[in-house]
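Notes follow once the structure below has been shown.
Residue numbers run from 1 in the order of the sequence given.
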Amino acid sequence: MNHADGRGGLPRISLEHGERLASAPEADSWPPEQWYQLRLVAVGGMQHPGLPAGIRIRWGRLALSTLPRKYPEGPSQQSVTESVRVRAYLIREFGPDGTDPARDLSALHADVMRNLGMSRETAARLADGWQALPREQMLRLRRIKNLLSALHPVLPLLEDEDFSPEDLPAWLELAPRLP
């Protein structure tokens, strides 16, 4: 990826070239920065309003495929949040599709709930005095807020989902109190 264009030095590649790059055997040796760059290009393609829906969805899938390699240390709240943002965008723009992992609304909801990292009760208790918490606990609460905020594009669609009493609506009420 070394073809720069006028977009701040980001590489200019075709979707097919990006897909080939991501699946090439030598891609396993790329540093995380190259995956970051490919993800940026892919997100740009996904959001390009002049492209057909099918192409934009493929760009979104390419963006998602970069995350495990961008974060080689394994799944983290940051990688999950980035995944949720891409998936929520695809669902909002092109509708939910339970057969497409990139656009499966139920799976998106389940991934968010599974990755919050603490109970809502604990988060609510900590939120009341978050300013006095150690830095690491503040950051954990901030990551939870970021993860919940990533769902905003699909909130109207989630209203039709079935929730348990301690599920997403209660978390969304708590989110504004988090740092």
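For the pair Ile13/Leu38, a side-chain contact is recorded, criterion being any heavy-atom separation below 4.5 Å from C-beta on. Between Glu93 and Ile57, every side-chain heavy-atom pair lies at or beyond the 4.5 Å cut-off. Counting heavy atoms from C-beta outward, Leu174 and Arg120 have side chains that approach closer than 4.5 Å. Under the 4.5 Å side-chain criterion, counting only non-hydrogen atoms from C-beta, Met46 is not in contact with Leu51. No side-chain heavy atom of Trp130 sits less than 4.5 Å from a side-chain heavy atom of Arg142. Side-chain atoms of Arg125 and Asp128, non-hydrogen and from C-beta on, never get closer than 4.5 Å to each other. Contact of the Arg58 side chain with the Leu62 side chain is not registered, since no non-hydrogen atoms from C-beta on lie closer than 4.5 Å.
The CE atom of Met113 sits 6.0 Å away from the CG atom of Leu168 when rounded to the nearest 0.5 Å. Arg56 CZ to Phe94 CZ: the interatomic distance, rounded to the nearest 0.5 Å, is 3.5 Å. Separation of atoms CD (Gln37) and CD (Gln34) is listed at 7.0 Å; rounding is to 0.5 Å. Here the OG atom belonging to Ser65 is positioned 8.0 Å from the CG atom belonging to Leu67, to the nearest 0.5 angstrom.
Note: Trp30 and Trp35 have tilted aromatic rings, judged against thresholds of 30 and 60 degrees for the angle between ring planes.
Contacts of Thr122 classified as side chain to side chain donor-acceptor pair (under 3.5 Å), with partners at least two apart in sequence or in another chain: Ser119. Shown here are the salt bridge (charged side-chain N to carboxylate O under 4.0 Å, His left out) partners of Asp100, two or more places apart in sequence or in another chain: Arg61, Arg103.
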Output a table of donor-acceptor pairs, distance under 3.5 Å, between side-chain atoms of residues 146-157 and any protein atom two or more places apart or on a different chain; print 'none' if there are none.
residue: Ser149; atom: OG; partner: Lys145; partner atom: O; Å: 2.8

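The backbone N or O of Ser79 lies less than 3.5 Å from no partner atom in the side chain of Ser83, so there is not a single donor-acceptor pair. Looking at Arg69, its side chain never comes within 3.5 Å of a backbone N or O of Ser29 through a donor-acceptor pair.
Nearest approach of Gln78 to Tyr71, heavy atoms of both residues: CG-OH, 3.0 Å. Of all heavy-atom pairs spanning Ala127 and Leu178, the tightest one is CB-CD2, 3.8 Å. Summarising the geometry of Ala22 relative to Ala27, their closest heavy-atom pair is O-CB, 4.0 Å, with the distance given to 0.1 Å.
Under the 4.5 Å side-chain contact rule for hydrophobic residues, Trp171 and Leu139 do not share a cluster. By the criterion of side-chain heavy atoms lying less than 4.5 angstrom apart, applied directly or through intervening Ile, Leu, Val, Met, Phe, Trp or Tyr residues, Met118 is grouped together with Leu133 in one hydrophobic cluster.
Tested against Trp59, the residues Val41, Val43, Leu64, Leu90 include a single side chain to side chain contact (heavy atoms under 4.5 Å, CB included) partner, Val41.
Taking 4.0 Å as the cut-off between side-chain N and carboxylate O, Arg87 and Asp104 do not count as a salt-bridged pair. Ionic pairing of Lys70 and Glu33 is not present here: no N-O contact between side-chain nitrogen and carboxylate oxygen is shorter than 4.0 angstrom.
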Trace of the side-chain contact (heavy atoms from CB on, under 4.5 Å) decision for Gln137 with Leu126: CA-CA 8 Å; Gln137 282 186 314; Leu126 293 173; 4.2 Å; yes
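The local environment of OH in Tyr36 is sparse, with at most 12 non-hydrogen atoms from other residues, nucleotides or ligands closer than 6.0 Å.
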